[in-house]
Each structure stands twice: as C-alpha cells, then as structure tokens.
Amino acid sequence: MAIPYNHHEVESKWQGIWDQEKAFATSTDYSKPKFYALVEFPYPSGQGLHVGHPRPYTALDIVARKRRMQGYNVLYPMGWDAFGLPTENYAIKNHIHPRIVTKNNVARFKDQLHSLGYSFDWDREINTTDPEYYKWTQWIFLKLFKAGLAYKTEMPINWCTSCKVGLANEEVVNGVCERCGSEVVRKVKSQWMLKITEYADKLLEGLDGVDYIEKVKVSQKNWIGKSTGAEVDFQLAGKEDKLRVYTTRPDTLFGATYMVISPEHPLIDKYQAEIKNYADVIAYREMAARKSDFERTELAKDKTGVQIDGLSAINPVNGKEIPIWISDYVLMSYGTGAIMAVPAHDERDWDFAKKFGLPIIEVVAGSPVPVQEQVFTDVQTGILVNSEFLNGLSVADAKKKIIEFLEEKGIGTSKTNFKLRDWVFSRQRYWGEPIPIVKCEKCGFVPLDESELPLELPEVESYMPTDNGESPLAAMTDWVNTTCPCCGGPAKRETDTMPQWAGSSWYFLRYTDPTNKDALASKEALKYWLPVDWYNGGMEHTTLHLLYSRFWHRFLYDQGVVPTPEPYQKRTSHGMILGSNGEKMSKSRGNVVNPDDIVQDYGADTLRTYEMFIGAFDLSAAWSEDGVKGCRRFLERVWKLQDILVDGDAYSADLETKMHQVIKKVSLDFETLKYNTAIAAMMGLINEFYKKNSITKAEYKTFLILLNPVAPHITEELWQAVGFEGRVYQQTWPNYDEAKTVESTVEIAVQINGKVKTTIMIAKDEAQADAIAKAKEALGDKLTGNIVKEIYVPGRLVNIVAK
RNA sequence: GCUGGCAUGGCGGAAUAGGCAGACGCAAGGGACUUAAAAUCCCUCGGUGGCAACACCGUGCCGGUUCAAGUCCGGCUGCCAGCACCA
C-alpha cells in the first residue's frame, strides 16, 4: 500500500526541485519553434491573491506546460503592474513609502503564486515601478511626443472628488469613478493627452487579422464607434455664417424641420447681440453645465431645450427657413456640436419635436404607422418621398446621390466620425511614472533627452494630493525647478504622472528581453517572440488596457520599433469566480475565499484542478467547497493508482481505444478552453482502471503526462515513486492514433419512427443491408405496419420508419 | 434602446457535423466495513404509471423543417455582459 497523499510534502518538494533544475527557464535558442503565452500581470494589492487570479493563470499554465512537452520553446512570464492609487492611498494612511508597500505586496504575491506551482520563468520577472523598467515607458512617451501624438491642453476632464485625480473616459462607469465609486465631476484642467483618435481606423482594421473572442472584438468596435455620414452647411438666415452639422442620414435632408446646437456651441456667444432671449439661453446652458455625467446619461429620456429667438437657418436643398434650438441632447464633443433634426426618422428628434410641437415631415416612406404617431428609422426597406430628385430611391442610393449633390454644390462633404476620444494621460498623483517633459518660458514644452532617462521619482514628504488638483510633486521645488534642455534657461518639470495604464501598455515587449539596457528589447528577441501567441485576460480590460496597448504597439510598429502591427494574435477571456452565494466576492458580503486556505487544506493541485473543472472557462462560476472536495477525492484516487500498477509496456487491449480517445480529447480540450471536459475525460479513464483493478505501466505513464499540466506536483511525485526515469515535465506529449479512437464493434441505437426501442452491437463499418437485418431481428415483433423507409447511420443508429 | 451571449435534473455542467439527452462531478438515499464516527468501497438517482418487462412525457414558451431537433428556421419570454441622447 502506498503511503497517504500528503500534499504539503509533495508540493514543497517539487517546487524546490523545479527551481533548482530551472525546469521552466525560457530558452534563448531562437532556432526552436516558439510559443508565447501571456496572462495579465496583477496589481499587487494589499489584500494578496484572490481565488479569481488562479483561474486564468492555471489555464495558460496548462497550455504552456503542454506546449513544452510538445517541443516548443515557451515564454510564460509574470510581473507586477505596481504603480497605482491603492498603494498610494495605503501609503498616505500608514505613512509608509509606496515603494516599501509595493515591495511587501510583491513579495507576498510572489510567494502565493509560487505555492501554486506555476511554470512562470521567474528570471524574466518585471516590475513597472522599477526605474530600469519605467525608463522605457518614458522613452515611449517621448516617442509619442516627438511624433505629435502627446499634447497638453486645457479641457474639461472627469475629476474624481474622492481620489482627487483626473480619469480617462474609460475609467468613468455610469458617471462614477471606476475604482472608488465616488461622484465624478467636470473640471477644467491642463492635461496631457494622447491622440489615440489618430489610430482609430488602424485599431479597427487591426481587429480583422487577429483571433479574439467575438465579444471582445464587438466591444472594441463599439468603443471606437465608427460612423459614416456627411457634414452639411446650413446658411444662417440674413447672416454671413454657416452652421455646420454632422449627420449619418444625409438622405433625409429634405425632412429637416429644425436644428439643434449643443449648449456649449460658440454660435451663442458670437450672436449674443442678435439673440432676443439670450438670458434664457444662457440660463439653459448653465443648467446643462451643472448636470453631472450621471444626470446627463441616466436622466436623459426627457428632452429639454430652448429655441434661439433671433437666429434661424436655411435648409440648403429646399431653401426653407427653419428654427434653431439649444438642447443638451446634442453633445459638443461629437461631430460639430450641431445637428439637423429630422423628427420623422430619428428617435431623439421625434421625441423633441413631439414635446415642443415642431413639424414632422415624412421623407422616407414604408412605415406601417404614420410618422406623426411613430418614428420610422428603418434604412433597409424605406423609399424616399417628398425629396424632389431623391424621390423613389432607396436609403442607400439616396445617401450616395445627395452626397454627390452636396459636394458638387460645395455645401457638404462625406465624413467619418468616431466615438473614441483622446486619452487623458495625466494623473495628479505621486505613485506613477514622471512625465519626462519640462516647460520653458521660451521654448514651451521640451522633452528630456533620452540620456536623461529614467527620470526618477523624487522622495517627497507627503503623498497627499491637493484639493487644487496639483500633484504632490508640485510641492518639490528643488525637483520642479530645472533648466531647459533646449536653451539652458530656467524651466519647470511636469508634475503630473502617467496613469497606471502606461506601464501595462508595453510590458509584454519587455518580457522578451527583460534586462536590456540599450533598448526596450532587442530586435532579435522581438522578432522571435512577437506576436504574443495567446493572451488571456479579463473582460473589464477590453476597452482599457487591451485597446491602449494595441494603440502603443501599433504606434511602435509605425516607428519601426516592433516587427508586428498587432501585439496579440489570440485573446481569450475568463469568467469571474463568485462567492458560494453566487454574488461577487467582497469583504462586506463575507463570501471571500482565500486561496492560501485552499492550498493549505487541500493543496495547490486540488485548487488548480477545481478551478479548471468548475465550469465553462468564459462564464462566471460560483465557488463550492464541496466541489473542491470532489477534486481532492479525484486526486486521492490518482494517488492510489500506484497500488494497482502492473507490468506492461503497452496499453491493455480492452482499454486501447479508450486511451486513444482520452489522449485526443485532452489534447484538443486544453487548446480550446474546455478544461472541464478534459478533466472529466481523465476522471472517466481512472474509473476504468479501477473497474479492471489494474493499470499497466504504459497506461500509467500516459495518464500522468496528460494530468501533469493540471496537477503538476502529484504527477511528478507518482512518476518518481514507481521508479520511472526523468521528470514528467521532460516527457514528450503522448500521441493518439485517429484510427484507434473508434471501437471496431459499436453499440448502436435501433429506432422505430425515431424512438429508441433497443440497441445492438455491430461492426463500426457494418454494411447497410446487414445492419438493417440485424436491427429488424432485434426488434422482433415490436416491428409492425408497413415499412416506409430504412435509415442507417454507421456507428450511430438504425431507424425504421413504419406506418 | 442598440450590440453580443445564454436558457438542459436537486446543483455545477456534458452532448463532434441534425443521429441513444443528462457524460464527469456535487448533493441526496440505501448498503458494506467500523464498538461508533470520519474516510473508503458498492448500488440507486429527470418525471409519471407499473411488482416487473415496459409505456408515456421531458432540454424556457409557441409554431415550422426533417425518418430524426437541446442542436436548424420563424416568432416570443426571461436572464447575463458591453455600450448608451454619439445625430
């Protein structure tokens, strides 16, 4: 009898051996086929590892381990995305330097990850807060600046009242701060911006060539929000100026019965003298400005507005004079900040027209309900009416024709717009990468010379952000006052720092060559390793990190720094692990599970197996301690296989088919995120061994190799315990023979009129006539009536249709 | 509202390409072992009826295609995620 399974001993023993043997070191032999597996590096928070972390890490660890056994040179790295607000807030509260906090948290995280037996190459560990790392983050920023893609501008930003920091649009969720949930208000500040909008088209097109799960592609497309339409100029009645609008429905131009400009539109100030109800208009503008984002989005349904008395516009195609309104349903930040309203064929315009009694003119026919009663927005079936030269055309044809017309007359032009906004890149915080720019009275914004990098964070007395919106660095006059790299005169350093997304926008490049002093990575390393073959991460990063890093990568490609236009060939996403009550784990709900406890009580192999068996990888799953026990039970049964081991260099005859089937299933399922069914197949196989009460050495070897990526410690121990040579991680992944995955004799269903009546055993390739004859014989006197049809699907069934 | 996805036992979930629905695991019930419990092992486990052989029903709802539908088509309902006054 085997000694009892002691996971403490087994796991610490093998973790030590792997470290000592450098079992998972990445080779720098670039002649071998490569595989780059990547998981999102964690933010080392004070709470330590969450049970959610091991789900993606184990999934790609499985793929990485399997690929190594298949002969690939695998890069599976890990590092720390360590700049960020929680660390800084903790530092403020406890008066400890963020560097110390980070160091402690990283040490804890690393211990925890180590205890889970991941095959990360720890020699390539990186940390975004290491000056040798952020030197290159700053270097990329300088490249962006020199390329005209980084600029500083006064603009209203999203200001979190609690964090006292500006946020990117992507960080504002339902009008509140993504991180702390506090109210977000608009505040005008001078901010560094990155022109991600210049890359909107490239980021959109790039999606065509990569293998991302559909929902990620869809989310990115929505976020980029490309729309095509036209800009059209409306002459202001009796004035010099024209009012330019953007529309996606230029075909409905004849139906424009009024116009709307956004409350911030400059036209209002310009014509202050002519606007008879100027006071009312200004009052409306101020009311709109006071609305928070929350009010503007959540309470959006009810339309409000004021007609501008004294200004009107001329519809350029029919010469009709139409009124101009001001309303906050038109945004200054999109298009031209002004629209032509076609209430018959736009839902918002329809609501507005109904509320204020404005005329509704049908220009696209085909609505089952009169447009006075219901808006008609269908662009597939509608036919143009009341539109002179467009009458009778489809919407698509009318769009083409009207744009030709507008361009010919010089009153309009086709135009593409994006929802994507430029990226607010400034944070008024200490614990981030300093922006390597100085401001000189004479020369303006001047980049530091590359030789000055890294520009290190100075030591400060206080990390407290200030209420006036200045970074804590602003108080460091010694550091702030410097000389201009350009003219040598007095200059001031930029005191804002970069957002957390900076360091994570290029970290996968650094892993390929993590200690390079001369470049962010060598050309050879980048050429060999890129693109990342498989990147897994959370859905919450789809419009943040994933989009930002694609932007930076594409920029670096255009600069000739990296060899591929896209960073990631394949992107998958894991579901969340919820508490046992099906709710998100949180301290306040009291449903948090600590992975350390599971490793202590059941072992890392059990935790890994459980998290892979819990359900479909991309769906959220509720934690179940009973489920953990079930997986532990499975590993106990694996452990006891050594008691029924018998000699035999081949698979036993009655299990040969099963063995080949399971090798095939596990091999395929590991590649397609179906870890739960791969494990189920191995459970099924082990049940077969126990039914027979024996397992041959050949079967044992194959089984341990198949299970090894999931449960690496126990399989190594069992391999060694029975005296096999070498290590499991050094073995070759087993092959299966397709021909041997099918039994020569199979049980097939025998149906009458599609209902199963009995089953028979026949050869897998039995001839049709013989199969049907055998089926009829098995049915005997159950078969009554006239046979209308006989269907035989080899290996599946016989169906007799009788009346 | 728009976009994408999902809906299967008491529970988590299987089911290639239209071909025996419920693999695998959990929970539950029964039994063996034990002074006893735990652990372990064996059996049962979608519903209804039946001593049983077996019959009928059953994959959110309504309809369709087919010899055959969880799977395909049309129409709903509910849930999840993302976006949301983007003209």
Side-chain angles (χ1 to χ4, degrees), chain A residues 4 173-174 213-223 225-227 229 245-249 252 260 262 296-303 327-331 333-342 345-349 351-352 377 417-421 539-540 542-543 573 575-576 609-610 613-616 618-631 633-634 636-637 640 664-665 668 674 676-687 690 747-759 782 788-802:
Chain A
V173 177
N174 295 328
I213 50 170
E214 193 57 27
K215 59 179 172 179
V216 169
K217 278 195 186 184
V218 168
S219 287
Q220 290 220 343
K221 282 179 191 166
N222 286 346
W223 192 261
K226 182 175 184 170
S227 81
V245 302
Y246 173 70
T247 177
T248 55
R249 293 293 304 277
T252 61
V260 186
S262 92
R296 239 178 133 133
T297 54
E298 290 302 306
L299 311 174
K301 310 304 155 203
D302 203 25
K303 296 284 182 290
S327 172
D328 66 357
Y329 86 86
V330 175
L331 309 173
S333 55
Y334 185 78
T336 62
I339 61 153
M340 63 174 206
V342 184
H345 307 293
D346 181 277
E347 210 167 314
R348 295 149 304 180
D349 298 345
D351 289 345
F352 192 83
T377 56
N417 267 328
F418 296 93
K419 288 188 202 172
L420 189 67
R421 296 277 83 99
M539 277 308 289
E540 70 274 21
T542 302
T543 52
S573 229
M576 243 194 298
T609 306
Y610 173 66
F613 188 62
I614 194 168
D618 59 333
L619 299 180
S620 57
W623 186 264
S624 157
E625 182 113 8
D626 281 330
V628 176
K629 285 181 188 158
C631 289
R633 218 171 280 158
F634 166 61
E636 296 272 5
R637 280 162 67 79
K640 286 184 207 146
K664 180 181 178 183
K665 177 127 190 87
L668 260 46
K674 294 168 85 175
N676 54 337
T677 50
I679 293 167
M682 290 189 272
M683 288 173 168
L685 182 58
I686 202 173
N687 290 344
Y690 280 108
E747 186 188 55
I748 67 164
V750 179
Q751 303 177 328
I752 297 175
N753 297 334
K755 295 199 171 176
V756 180
K757 295 296 170 184
T758 186
T759 58
K782 282 182 189 161
V788 180
K789 204 169 182 180
E790 295 162 340
I791 291 132
Y792 170 53
V793 183
R796 295 280 185 185
L797 52 74
V798 171
N799 186 14
I800 312 273
V801 185

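A, B, ... follow the sequence lines: proteins, then strands. Residue 1 opens every chain.
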field: By salt bridge (Lys or Arg N to Asp or Glu O under 4.0 Å) - contacts of A:Lys226 (at least two apart)
entry: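 Testing A:Lys226 for salt bridge (Lys or Arg N to Asp or Glu O under 4.0 Å), a comparison that skips the adjacent residues, returns A:Asp201.
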
message: Using 30° and 60° as the class boundaries, would you call the ring planes of A:Tyr329 and A:Phe352 parallel, tilted or perpendicular?
response: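 Because their plane-to-plane angle lies in the 30° to 60° range, the rings of A:Tyr329 and A:Phe352 count as tilted.
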
field: B:G9: syn or anti, per glycosidic angle within 90° of 0
entry: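 Judged by the O4'-C1' to base torsion, B:G9 sits in syn, the angle falling within 90° of 0.
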
Taking the side chain of [X] as heavy atoms from C-beta outward, which of [options] is closest to it?
{"X": "A:Lys755", "options": "B:A14, B:C57, B:C85", "value": "B:C57"}
{"X": "A:Trp223", "options": "B:A87, B:A84, B:C20", "value": "B:A84"}
{"X": "A:Ser219", "options": "B:C57, B:C67, B:G82", "value": "B:G82"}
{"X": "A:Lys419", "options": "B:C85, B:C67, B:C83", "value": "B:C83"}
{"X": "A:Asp346", "options": "B:A87, B:U40, B:C67", "value": "B:A87"}
{"X": "A:Leu331", "options": "B:A87, B:G82, B:A21", "value": "B:A87"}

message: Under 4.0 Å, heavy atoms only, any strand: does A:Ser227 hit a base, just the sugar-phosphate, or nothing?
response: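 Since only primed, P, OP1 and OP2 atoms lie under 4.0 Å of A:Ser227, the category is sugar-phosphate.
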
Rounded [atom1] spacing from [N] to [M] in Å:
{"N": "B:C41", "M": "B:G50", "atom1": "P", "answer": "36 Å"}
{"N": "B:A23", "M": "B:G70", "atom1": "C1'", "answer": "15 Å"}
{"N": "B:C11", "M": "B:A55", "atom1": "C1'", "answer": "30 Å"}
{"N": "B:G46", "M": "B:C24", "atom1": "P", "answer": "13 Å"}
{"N": "B:C61", "M": "B:C45", "atom1": "P", "answer": "25 Å"}
{"N": "B:G60", "M": "B:G12", "atom1": "P", "answer": "14 Å"}

query: Are A:Ser227 and A:Tyr246 linked by a side-chain donor-acceptor pair shorter than 3.5 Å?
result: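 The answer is yes; a qualifying pair exists.
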
field: Pair assignment for RNA chain B - dot-bracket with | for other-strand partners, Watson-Crick or G-U under 3.5 Å
entry: (((((((..(((......[....))).(((((.......))))).((((....))))..(((((..]....))))))))))))....

query: How does each nucleotide of nucleotides 23-32 of chain B score, in 5' to 3' order, for protein heavy atoms under 4.0 Å: base (B), sugar-phosphate only (S), or none (-)?
result: BBSSS-----

